[in-house]
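First comes the structure, then the notes that go with it.
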Amino acid sequence: MKKIYTGIDVSKWQGNIDWQKVKNDGVQFAMLRAGYGRFPGQADETFAQNYKNAKAAGLPVGAYHYSYAKTVQQAREEAAYCLSLIKGKMFEFPICYDVEDDVQKALSKDEISDIVTAFCETLENAGYYVCVYMNLSWLNSKLREDIFKKYDIWLAHWTETTTFTRPYGLWQYTSSGTVNGINGRVDKNYAYKNYPQIMQINGLNGYQKT
């Protein structure tokens with residue numbers, strides 16, 4: 001697959017980011033953690049600031065929500081909470097469901113797939129383009145076939161050449177990247193679709209249909 005964009009994903013763990021320096025260092029998009037879980041107070045405390053400053057620097061952004069859901073109902077509540085965090089904002093890249101927590105390890109393939117579907121359907125119904133973030137092992141063992149047909153995958157596999165054989169829209173290829181404007185390590189990613197064009201043409205993620 002041919003990569004179109006090179007980007008990063010960030011959360012409060014990256015601290016205060018100089019987004020102009022990030023952009024000047026060749027970063028072409030950023031995935032921002034919006035929040036986690038389903039309860040008030042679980043927004044990422046840097047989300048609003050990262051969104052504002054990345055946009056001001058001219059960087060296209062997406063967002064991701066970290067899951068602890070163990071039931072379909074909890075996944076729907078996480079989706080509702082995520083929607084409250086991203087409301088009124090515009091995203092050129094997908095809104096992603098990050099499913100990898102230890103509390104979900106014991107769940108079956110059907111249970112995880114139903115949780116993913118519940119979250120993603122809720123966001124799609126609200127006009128968002130969604131994707132699913134998982135590590136290689138979970139992607140190979142925790143999702144039914146229908147999930148791969150319905151949603152883009154954001155693959156987490158920290159290696160030079162991935163062994164993942166299915167299509168994916170994003171690939172997080174390292175957790176130990178460095179970028180000007182960020183102190184310490186940062187995850188780095190490739191994107192394989194022209195997501196900004198998809199959002200604008202289809203009127204998704206806060207865009208009006210063109």
Side-chain angles (χ1 to χ4, degrees), residues 1-11 13-14 27-36 44 47 50-51 54 59-69 75 78-79 82-83 85-86 91-101 104 109 112-113 115-124 128-177 179 185-199 202 204-205:
M1 295 199 306
K2 186 170 182 287
K3 62 179 180 280
I4 302 178
Y5 299 97
T6 302
I8 58 174
D9 61 273
V10 300
S11 66
W13 306 112
Q14 275 66 51
V27 170
Q28 295 168 305
F29 73 96
M31 298 293 287
L32 316 174
R33 186 173 75 157
Y36 52 95
D44 186 295
F47 175 53
N50 281 336
Y51 176 86
L59 266 180
V61 299
Y64 69 95
H65 194 86
Y66 188 92
S67 174
Y68 297 102
E78 288 187 337
C82 178
L83 286 172
L85 298 176
I86 63 177
F91 300 92
E92 296 79 11
F93 277 73
I95 309 301
C96 195
Y97 197 32
D98 181 347
V99 183
E100 56 179 327
D101 196 77
Q104 298 163 325
K109 181 185 281 195
I112 291 284
S113 297
I115 283 167
V116 166
T117 300
F119 182 96
C120 291
E121 277 184 352
T122 305
L123 264 78
E124 280 193 333
Y128 291 94
Y129 190 112
V130 292
C131 72
V132 182
Y133 171 99
M134 276 188 181
N135 63 52
L136 179 71
S137 168
W138 280 45
L139 284 169
N140 284 332
S141 64
K142 290 283 195 186
L143 289 181
R144 284 191 312 258
E145 194 63 36
D146 59 291
I147 303 296
F148 294 107
K149 291 188 170 128
K150 284 190 287 195
Y151 307 118
D152 280 11
I153 297 300
W154 180 5
L155 163 69
H157 189 198
W158 303 337
T159 178
E160 282 187 23
T161 309
T162 183
T163 53
F164 189 57
T165 56
R166 296 173 182 276
Y168 48 93
L170 297 152
W171 174 23
Q172 183 190 78
Y173 63 91
T174 183
S175 65
S176 52
V179 172
R185 303 187 317 169
V186 64
D187 300 334
K188 295 184 98 168
N189 301 269
Y190 297 131
Y192 298 90
K193 293 185 179 183
N194 189 339
Y195 284 114
Q197 188 180 66
I198 291 170
M199 304 316 162
N202 296 289
L204 299 167
N205 289 13

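Numbers for residues simply follow the sequence, beginning at 1.
Looking at Pro196 and Ile198, their side chains never come closer than 4.5 Å, going by heavy atoms from C-beta outward. The side-chain heavy atoms of Arg33 and Val10, taken from C-beta on, include no pair separated by under 4.5 Å. A 4.5 Å side-chain heavy-atom check between Pro94 and Met199 finds at least one atom pair inside the cut-off. Taking 4.5 Å as the limit, every side-chain heavy atom of Val132 sits out of range of all side-chain heavy atoms of Phe148. Between Tyr192 and Pro167 the shortest side-chain heavy-atom distance does not fall below 4.5 Å. A heavy-atom distance below 4.5 Å is found between the side chains of Phe119 and His65.
Across Asn140, Asp146, Leu139, a single residue satisfies side-chain contact (heavy atoms from CB on, under 4.5 Å) together with Leu143, and that is Leu139. Each of Val116, Thr122, Leu123 was scored for a side-chain contact (heavy atoms from CB on, under 4.5 Å) with Cys120, with one residue passing: Val116.
Between Phe47 and Leu85, the shortest heavy-atom distance links the atoms CE2-O, 3.4 Å. Scanning all heavy atoms of the two residues, the minimum distance from Ser113 to Ile147 falls at O-CD1, 3.5 Å. The two atoms that bring Cys82 and Ile95 nearest to each other are SG-CG2, 4.0 Å, heavy atoms only. Nearest heavy atoms, Thr159 versus Trp171: O-CZ2, 3.3 Å. Considering every non-hydrogen atom in both Ala69 and Gln104, the closest pair reads O-NE2, 2.9 Å. Here the closest heavy-atom approach between residue Ala63 and residue Met31 is recorded as O-CE, 3.7 Å.
Note that CG of Leu59 and CD of Gln28 are 9.0 Å apart. Values are rounded to the nearest 0.5 Å. For the atom pair Lys149 NZ and Arg166 CZ, the distance stands at 8.5 Å (nearest 0.5 Å). Ile8 CD1 to Phe29 CZ: the interatomic distance, rounded to the nearest 0.5 Å, is 9.0 Å. For the atom pair CG (Asp187) and OH (Tyr173), the distance works out to 10.5 Å, reported to the nearest 0.5 Å. For the atom pair Asn189 CG and Phe93 CZ, the distance stands at 10.0 Å (nearest 0.5 Å). How far OH of Tyr195 is from OH of Tyr129: 5.0 Å, rounded to the nearest 0.5 Å.
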Trace of the side chain to side chain contact (heavy atoms under 4.5 Å, CB included) decision for Leu136 with Thr163: CA-CA 8 Å; Leu136 179 71; Thr163 53; 3.5 Å; yes
Pair Ile86-Tyr51, side chain to side chain contact (heavy atoms under 4.5 Å, CB included): steps then yes or no: CA-CA 10 Å; Ile86 63 177; Tyr51 176 86; over 6 Å; no
Audit row: Gln172, Trp158, side chain to side chain contact (heavy atoms under 4.5 Å, CB included) steps and yes/no: CA-CA 7 Å; Gln172 183 190 78; Trp158 303 337; 2.9 Å; yes
Pair Phe91-Leu204, side chain to side chain contact (heavy atoms under 4.5 Å, CB included): steps then yes or no: CA-CA 8 Å; Phe91 300 92; Leu204 299 167; over 6 Å; no
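With hydrogens and angles ignored, the 3.5 Å screen pairs a side-chain donor or acceptor of Glu78 with a backbone N or O of Tyr68. With hydrogens and angles ignored, the 3.5 Å screen pairs no side-chain donor or acceptor of Glu121 with any backbone N or O of Ala118. Counting only distance, with no hydrogens or angles, the side chain of Asn135 and the backbone of Trp138 share a donor-acceptor pair below 3.5 Å.
Between the side chains of Asp9 and Trp154, no donor N or O sits under 3.5 Å from an acceptor N or O. Using modelled atom types, one finds no donor on one side chain facing an acceptor on the other under 3.5 Å when comparing Asp44 with Tyr66.
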